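Take a look at the structure set out below.
What you see is a predicted model; the values in this text were computed from it and never measured. Side chains are part of it too, since the values below use all heavy atoms of this structure and drop only hydrogens, waters and symmetry mates.
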Amino acid sequence: MKRFFAKPEQIDEREIHITGEDVNHIRQVLRMREGEELWVSDGEKKEYHCRIKDFQEDEILLEILYAQESDYELPSRIYLFQGLPKGDKMELIIQKAVELGAFEVIPMATSRCVVKLDKKKAAKKQERWQEIARNAAKQSRRLLVPQIHPVCSLREALDYSGSLDVKLLPYELAKGMRQTKETLAGIKRGQSIGIFIGPEGGFAPEEVEQAMAVGVEPITLGKRILRTETAGMTVLSILMFQLEDE
C-alpha cells in the first residue's frame with residue numbers, strides 16, 4: 001500500500017489534506033481514484049490508514065480510517081557523515097542509507113574529494129538528495145523522512161557531531177578487528193551514533209587525527225578495501241541488525 005507524509009497542520013481529527021507535489025503524484029502518476037486506500041505518516045511515531053475521499057484542484061482530501069503508533073524506526077539515531085563521492089554515487093548512498101535506518105545524512109567536502117561544488121550547485125544537489133530520501137522513506141516504510149544537510153566541511157561536521165554518544169570512522173589503516181567488534185557490540189539502544197566515511201581517496205592522515213582529537217574512533221572493517229559507497233552501508237547494516245527491536 002502506498003505511503004505518504006503529512007505535516008501536523010495537514011491532519012485534522014477525521015481528515016488529512018494532501019497538498020504540494022504529492023497531489024500530482026497521486027492523481028497523475030499513480031492514477032489513484034476515490035475509495036482507494038493508503039498510509040500517511042506524521043513524520044514522528046503515528047501513521048494513518050486512509051481512504052481517498054475527494055480530489056480538489058490543489059489538494060486531495062483523505063478520510064482517516066484509523067490511526068496507530070508504530071515502531072518502524074531504529075531505537076538509535078544514526079548520523080551518516082559522508083565524504084562527497086564522484087558522479088551520482090551520493091544518490092545511491094542516500095537511498096540505501098535511508099532504507100537501512102539512517103536518521104540524517106551530512107555530506108562533507110574533505111581534502112581528497114574530487115567533486116567541488118559551488119553554493120548554487122550544492123543547493124541544487126541537496127534538493128535532489130532530499131527528494132531521493134523522501135522517496136526512499138516512502139518505499140521502506142519509514143515513519144519520517146531523514147534530513148539531508150547542506151554540504152559542509154569536515155570541521156563543521158565534527159562540530160555538529162559533538163553531542164553524539166558514539167562516533168566511528170572506518171579507516172583502511174586501522175588495525176584490530178577484535179577491538180572493532182567489541183566497540184560495535186558495546187553500542188546500546190538509544191545511543192546516538194555518528195559514522196564518518198571518506199570519499200574515494202579516503203581521509204588524509206591529518207583529518208583522521210583531527211577527528212580522533214574530538215573523540216571519533218577509527219575502526220577497521222576487515223582486510224579488504226571497501227569503496228566509499230560500500231563502507232557506510234556496511235556499518236549501517238551491522239548496526240541495524242544489532243539495534244533492531246524484537
Exercise. Locate the shortest heavy-atom distance separating L80 from A97; write the atom from each residue and the value.
Key: CD2-CB, 3.9 Å

Quiz item: Taking NZ, NE, NH1 and NH2 as the nitrogens, is one of them in E34 or R51 under 4.0 Å from a carboxylate oxygen of the other?
Solution: no

Quiz prompt | Heavy atoms from other residues, nucleotides or ligands near CZ of R141 exceed 12 (cutoff 6.0 Å) | solution = no

Quiz item: Got S70 and E47 here, is their nearest side-chain heavy-atom distance under 4.5 Å?
Solution: yes

Practice problem: Considering non-hydrogen atoms only, spot the tightest contact between L84 and V115 and give its length. | Solution: CD1-O, 4.4 Å

Quiz item: Nearest 0.5 Å, what's the CG-CG distance between L236 and L239?
Solution: 6.5 Å

Quiz prompt | Contacts of type ring pair (Phe, Tyr, Trp, His ring centres under 6.0 Å), residue F4, not counting sequence neighbours | solution = none

Exercise. Measure the spacing between CG of L38 and CD1 of I52 and express it to the nearest 0.5 Å.
Key: 5.0 Å

Quiz item: Do the side-chain N and O atoms of T19 and E59 include a donor-acceptor pair separated by under 3.5 angstrom?
Solution: no

Quiz item: Under 6.0 Å from the CZ atom of F241, do we count more than 12 heavy atoms belonging to anything else shown?
Solution: no

Quiz prompt | Cluster overlap M233 with F196, hydrophobic side-chain contacts below 4.5 Å | solution = no

Quiz item: Would a hydrophobic clustering, with Ile, Leu, Val, Met, Phe, Trp and Tyr connected at side-chain separations under 4.5 Å, put I195 with M108?
Solution: no

Quiz item: Quick check, are the ring centers of F103 and Y79 under 6.0 angstrom apart?
Solution: yes

Quiz item: Going by heavy atoms in the side chains, are L30 and E36 under 4.5 Å from each other?
Solution: no

Quiz item: Do other residues, nucleotides or ligands put more than 12 heavy atoms under 6.0 Å from the CD atom of E206?
Solution: yes

Quiz item: Considering the options Q68, E63, E37, which one meets the side-chain hydrogen bond (donor to acceptor under 3.5 Å, both in side chains) requirement together with H49?
Solution: E37

Quiz item: Hey, any chance F81 and M240 share a hydrophobic cluster, counting ILVMFWY side chains that come within less than 4.5 Å of each other, even indirectly?
Solution: no

Exercise. Return yes if some donor-acceptor pair links the side-chain N/O of E156 with the main-chain N/O of S153 below 3.5 Å, else return no.
Key: yes

Quiz item: Would a 4.5 Å heavy-atom cut-off, applied to side chains only, mark I93 and P85 as touching?
Solution: yes

Quiz item: Can you list the steps and then say if S140 with E99 is a side-chain hydrogen bond (donor to acceptor under 3.5 Å, both in side chains)?
Solution: CA-CA 6 Å; S140 57; E99 291 178 17; over 6 Å; no

Practice problem: Find the distance between CD (Q147) and CD1 (I106) and round it off to the nearest 0.5 Å. | Solution: 8.0 Å

Quiz item: If you take all heavy atoms of K116 and T110, which pair is closest and at what distance?
Solution: NZ-O, 4.4 Å

Quiz prompt | Candidate pair D58 and Q56, rule side-chain hydrogen bond (donor to acceptor under 3.5 Å, both in side chains), full reasoning | solution = CA-CA 6 Å; D58 297 323; Q56 301 178 4; over 6 Å; no

Quiz item: Among E21, R33, M32, R31, which residue meets the side-chain contact (heavy atoms from CB on, under 4.5 Å) test with I26?
Solution: M32

Practice problem: State whether the side chain of Q82 and the backbone N or O of P107 hold a donor-acceptor pair below 3.5 Å, judged by distance alone. | Solution: no

Quiz item: Is the side chain of S161 donor-acceptor paired with the backbone N or O of L164 at a distance under 3.5 Å, no angle test?
Solution: no

Exercise. Apply side-chain contact (heavy atoms from CB on, under 4.5 Å) to E200 and K86, showing your working.
Key: CA-CA 8 Å; E200 283 85 356; K86 294 185 292 186; 3.6 Å; yes

Quiz prompt | Side-chain ion pair, R134 and E131, N-O less than 4.0 Å | solution = no

Quiz item: So, the side chain of D88 versus the backbone of E91: is there a donor-acceptor pair under 3.5 Å, distance only?
Solution: no

Exercise. Give the minimum heavy-atom separation between G190 and D165, together with the two atoms involved.
Key: O-OD2, 4.3 Å

Exercise. Tell me, with the steps shown, if V98 and Q139 meet side-chain contact (heavy atoms from CB on, under 4.5 Å).
Key: CA-CA 10 Å; V98 171; Q139 182 274 325; over 6 Å; no

Quiz item: Which atom pair, heavy atoms only, marks the closest approach of F203 to G198?
Solution: CE1-N, 3.2 Å

Quiz prompt | Point-to-point distance, once rounded to the nearest 0.5 Å, from NE2 of H149 to OH of Y160 | solution = 3.5 Å

Quiz item: Is there a side-chain contact (heavy atoms from CB on, under 4.5 Å) between E15 and K53 once you walk through the steps?
Solution: CA-CA 9 Å; E15 297 177 335; K53 183 177 180 180; 2.7 Å; yes

Practice problem: Supply the atom-to-atom distance I238 CD1 to L243 CG, rounded to the nearest 0.5 angstrom. | Solution: 11.0 Å

Scan the side chains in residues 210-224 for donor-acceptor partners under 3.5 Å anywhere in the protein, sequence neighbours excluded, and list what turns up.
{"from": "E217", "atom 1": "OE2", "to": "T183", "atom 2": "OG1", "distance (Å)": "2.9"}
{"from": "T220", "atom 1": "OG1", "to": "G222", "atom 2": "N", "distance (Å)": "3.1"}
{"from": "T220", "atom 1": "OG1", "to": "G222", "atom 2": "O", "distance (Å)": "3.4"}

Quiz item: Does the pair R227 and T230 meet the rule for a side-chain contact (heavy atoms from CB on, under 4.5 Å), with working shown?
Solution: CA-CA 5 Å; R227 292 178 180 270; T230 308; 3.9 Å; yes

Quiz item: Taking only residues two or more places apart in sequence, or in another chain, which ones meet E73 in a salt bridge (charged side-chain N to carboxylate O under 4.0 Å, His left out)?
Solution: R142

Quiz prompt | Side-chain heavy-atom pair I197, P170 within 4.5 angstrom cut-off | solution = yes

Quiz item: Got a second to check how far I132's CD1 is from I94's CD1, nearest 0.5 Å?
Solution: 6.0 Å

Quiz item: Do the side chains of V105 and L143 join up, straight or via other hydrophobic residues, at under 4.5 Å, putting them in one cluster?
Solution: no

Quiz item: Is V23 reachable from Y48 through a run of hydrophobic residues whose side-chain heavy atoms are each under 4.5 Å from the next?
Solution: yes

Self-check item: Partner of D22 under salt bridge (Lys or Arg N to Asp or Glu O under 4.0 Å), chosen from K138, K2, R3
Solution: K138

Exercise. Mind listing the closest non-hydrogen atom pair of K188 and S76 along with its distance?
Key: O-OG, 3.5 Å

Quiz item: Short question: side chain of D42, backbone of K46 - any donor-acceptor pair under 3.5 Å?
Solution: yes

Quiz prompt | More than 12 heavy atoms from other groups under 6.0 Å of CZ on R128 | solution = no

